Novice: 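Just dropping this structure here.
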Amino acid sequence: MPELPEVETIRRGLLPVLEGARIRHADVRRPDLRWPFPPEMGARLMGRRVLRLWRRSKYLLADLDPGETLIVHLGMSGRMMISGLDGAPPKPPGRHDHVVIDTEGGARITFNDPRRFGMMDLWPTQALGHHRLLAGLGPEPLGNSFHEDYLVERLKGRRSPIKTALLDQKIVAGLGNIYVCEALHRAGISPLRPAARIAAKRIRALVPVIREVLCEAIESGGSSLRDYRRADGELGYFQHNFRAYGREGKPCLAPGCKGKIARITQAGRSTFHCPQCQR
DNA sequence: ACACGCTCCTGAACGC
DNA sequence: TGCGTTCAGGAGCGTG
């Protein structure tokens, strides 16, 4: 499922066809995803130019001329597909293709989301910070305001396990289940340990590890899961080698560790970790 | 402020 | 072979 690296990779894939392009037509094929689409979304997108395509946490943001931003979240199973390039026919919409955007350049961007956990909204660009979904987000993990002192401070007094704390988007925005498991594994920190009971030194060491895990995933094009299947023009599919995630029962890959990856449930979610080397 | 459980949804994987 | 059941999970939201 798309986490920050996947969204970033999708953004980069969309960049050449969307940034600077004018939307010729937008086909909104159902009234809602997780929430209703904004009123008249299709009509409001039509004829507008995309000034900038950027990302905040797991949200894709397309600044439109004039003054409005299209906010897109891919949820669990959202995908983007590009077709209609080089004179090829644009892909006709199929099952779960909920929004189809055609540009004047001839490209077609198809948003597909079987589980419909995604969302789209339109919001004034200068007031984006006040959008209910963006307002409370913590710092970008790859940005300057996510740093060692910040994380140490934010985890003070947190009795919840570090795994849960790192999934809290108010603390750091964009981490999901997979990369939290990977980061904690690399840092040798047990996902079960209460956040407030981790030595400051180890939290400080975790910060660059989080960045490293995300950067590697972005470099390799993100990660792939069941929900992502390779197809022509589909963005966001990646092959990434996880050391912990999805490796229940397999040998721990930490250097020198003889442990085995275990799978537990925390806050209703699977955690993969090595009980041997993660303390 | 924090912590927890519930909820949305469908396809894939699994069991009988 | 076919059907029913379980699981996956981002993250808002209500409750304590």
Side-chain angles (χ1 to χ4, degrees), chain A residues 1-8 10 29-37 55-61 71-80 94-99 111-121 123 130-141 150-151 153-184 191-198 214 217 222-231 234 236-237 242 244-249 263-273:
Chain A
M1 79 292 324
E3 293 188 24
L4 187 152
E6 286 76 15
V7 177
E8 177 59 24
I10 289 167
R29 301 167 52 77
R30 56 170 296 126
D32 56 21
L33 292 172
R34 181 172 181 185
W35 294 293
F37 290 125
R55 180 188 60 72
R56 172 78 171 103
S57 184
K58 300 172 196 171
Y59 294 90
L60 266 177
L61 302 165
I71 306 172
V72 180
H73 195 288
L74 299 164
M76 294 280 310
S77 56
R79 317 183 215 181
M80 293 284 188
R95 194 165 153 77
H96 305 311
D97 288 345
H98 306 311
V99 178
F111 176 80
N112 176 288
D113 184 7
R115 292 183 209 175
R116 306 208 302 272
F117 276 22
M119 62 78 65
M120 286 194 196
D121 202 2
W123 201 259
H130 299 298
H131 190 278
R132 67 186 180 104
L133 300 176
L134 303 177
L137 291 176
E140 286 288 315
Y150 167 81
L151 192 59
E153 197 53 39
R154 282 306 302 261
L155 295 181
K156 273 185 186 158
R158 273 261 164 179
R159 275 173 304 196
S160 60
I162 182 68
K163 161 87 187 305
T164 315
L166 292 177
L167 285 174
D168 185 341
Q169 304 297 299
K170 296 191 285 300
I171 293 182
V172 55
L175 292 183
N177 204 38
I178 296 173
Y179 294 105
V180 167
C181 289
E182 290 301 303
L184 289 175
L192 295 159
R193 183 171 289 275
R197 292 190 41 228
I198 303 171
L214 293 176
S223 74
S224 114
L225 256 193
R226 306 163 189 81
D227 288 347
Y228 273 100
R229 223 175 293 140
R230 189 81 170 124
E234 179 169 335
Y237 170 89
F242 299 127
Y245 191 84
R247 297 192 62 250
E248 182 183 14
R263 174 194 193 139
I264 58 174
T265 298
Q266 290 182 282
R269 234 141 259 148
S270 290
T271 299
F272 295 89
H273 70 123

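Since the structure is predicted, the reported quantities are computational estimates derived from the model, not experimental observations.
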Novice: Mapping A:Lys156 and A:Pro114 to their closest nucleotides on DNA chain B, which lands nearer the 5' end?
Specialist: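 First, find each residue's nearest nucleotide; the 5'-ward one identifies A:Lys156.
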Novice: For the pair A:Arg34 and A:Asp32, find out whether any cationic side-chain nitrogen is under 4.0 Å from an anionic carboxylate oxygen.
Specialist: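 Salt bridge between A:Arg34 and A:Asp32, a charged N being under 4.0 Å from a carboxylate O: no.
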Novice: Please write out the pairs of protein N or O atoms and N or O atoms of nucleotides 13-16 of chain C separated by less than 3.5 Å, giving the distance to one decimal.
Specialist:
from   : atom 1 : to       : atom 2 : distance (Å)
C:dC13 : OP1    : A:Arg132 : NH1    : 2.5

Novice: Go through the structure and list residues passing side-chain hydrogen bond (donor to acceptor under 3.5 Å, both in side chains) with A:Arg263, not counting sequence neighbours.
Specialist: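 Counting only residues at least two positions away or on another chain, A:Arg263 forms a side-chain hydrogen bond (donor to acceptor under 3.5 Å, both in side chains) with A:Ser270.
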Novice: Please classify the nucleic acid contact of A:Arg263 as base, sugar-phosphate, or nothing, using heavy-atom distances under 4.0 Å.
Specialist: sugar-phosphate
Novice: In whole angstrom, what separates A:Met119's CE from C:dG12's P?
Specialist: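 Spelled out: CE on A:Met119 to P on C:dG12 is 10 Å.
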Novice: Please confirm whether the backbone N or O of A:Leu167 pairs with a side-chain atom of A:Gln169, one donor and one acceptor, at under 3.5 Å?
Specialist: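 Yes, A:Gln169 side chain to A:Leu167 backbone: donor-acceptor pair under 3.5 Å.
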Novice: What residue pairs, at least two apart or across chains, pass salt bridge (charged side-chain N to carboxylate O under 4.0 Å, His left out) with a residue in residues 130-140 of chain A?
Specialist: A:Arg55-A:Glu140, A:Arg56-A:Glu140
Novice: Output the single nucleotide from B:dG11, B:dC9, C:dG12 whose closest atom is nearest the side chain of A:His96.
Specialist: B:dG11
Novice: Between A:Leu166 and A:Leu184, does a side chain to side chain contact (heavy atoms under 4.5 Å, CB included) hold up when you go through it step by step?
Specialist: CA-CA 10 Å; A:Leu166 292 177; A:Leu184 289 175; 3.9 Å; yes
Novice: Please report the distance, rounded to the nearest Å, between CZ in A:Arg56 and P in C:dA11.
Specialist: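 Atom CZ in A:Arg56 sits about 12 Å away from atom P in C:dA11.
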Novice: How would nucleotides 3-8 of chain B be written as a contact map, 5' to 3', with B for base contact, S for sugar-phosphate-only contact and - for no contact, using protein heavy atoms under 4.0 Å?
Specialist: S----B
Novice: With sequence neighbours left out, write down each residue that passes salt bridge (Lys or Arg N to Asp or Glu O under 4.0 Å) with A:Arg29, or none if nothing qualifies.
Specialist: A:Asp27
Novice: Starting at CG of A:Leu4 and ending at P of C:dG10, how long is that distance when rounded to a whole Å?
Specialist: 13 Å
Novice: Provide, to the nearest angstrom, the distance between the NE2 atom belonging to A:His131 and the C1' atom belonging to C:dA11.
Specialist: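 Rounded to whole Å, this separation is 14 Å.
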Novice: Is there a side-chain contact between A:His73 and the phosphate of C:dG10, meaning an N or O under 4.0 Å from OP1 or OP2?
Specialist: no
Novice: More than 12 foreign heavy atoms under 6.0 Å from CZ of A:Arg197: is that the case here?
Specialist: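 Atom CZ in A:Arg197 is not crowded, with 12 or fewer foreign heavy atoms closer than 6.0 Å.
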Novice: Given atom CG of A:Leu167 and atom P of C:dG10, what is their separation to the nearest angstrom?
Specialist: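 A:Leu167 atom CG is separated from C:dG10 atom P by 7 Å.
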Novice: Counting only side-chain N and O atoms of A:Tyr245, is one of them less than 4.0 Å from OP1 or OP2 of C:dG9?
Specialist: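 A:Tyr245 to C:dG9 OP1/OP2: side-chain N or O found under 4.0 Å.
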Novice: Which atoms form the tightest heavy-atom contact between A:Leu137 and A:Ser57, and what is the distance?
Specialist: CD1-CB, 3.9 Å
Novice: Do any side-chain nitrogens or oxygens of A:Lys58 fall under 4.0 Å of OP1 or OP2 in C:dA11?
Specialist: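 Indeed, a polar side-chain atom of A:Lys58 lies that close.
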Novice: To the nearest Å, give me how far apart CG (A:Leu166) and C1' (C:dG10) are.
Specialist: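 Nearest whole value for this atom pair: 15 Å.
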Novice: Tell me the closest heavy-atom pair linking A:Leu192 and A:Pro161, and the distance in Å.
Specialist: O-CB, 3.8 Å
Novice: What bend angle does the helix from B:dC2-C:dG16 to B:dC16-C:dG2 show across its length, from five-pair end axes and to the nearest 10 degrees?
Specialist: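 Both end axes considered, the difference amounts to 50°.
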Novice: Of all the nucleotides listed (C:dA8, C:dG9, C:dG12), which has the minimum atom distance to the side chain of A:Asn177?
Specialist: C:dG9
Novice: Once you round it to whole Å, what is the distance between P of C:dG9 and CD of A:Gln169?
Specialist: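 Atom CD in A:Gln169 sits about 15 Å away from atom P in C:dG9.
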Novice: Under 4.0 Å from OP1 or OP2 of C:dG9: is there any side-chain N or O of A:Ser77 that close?
Specialist: no
Novice: Could you check A:Lys163, A:Arg269, A:Glu3 and say which one makes a side chain to side chain donor-acceptor pair (under 3.5 Å) with A:Asn177?
Specialist: A:Lys163
Novice: When the distance from NZ of A:Lys170 to P of B:dC2 is rounded to whole Å, what number comes out?
Specialist: 9 Å
Novice: Closer to the 5' end of DNA chain C via nearest nucleotide, is it A:Tyr59 or A:Thr265?
Specialist: A:Thr265
Novice: Any donor-acceptor pair under 3.5 Å linking the side chain of A:Tyr59 with the backbone of A:Val7?
Specialist: no
Novice: In terms of ring plane angle, is the pair A:Phe111 and A:His98 parallel, tilted or perpendicular, where the classes change at 30° and 60°?
Specialist: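 Rings of A:Phe111 and A:His98: tilted, as their planes differ by 30° to 60°.
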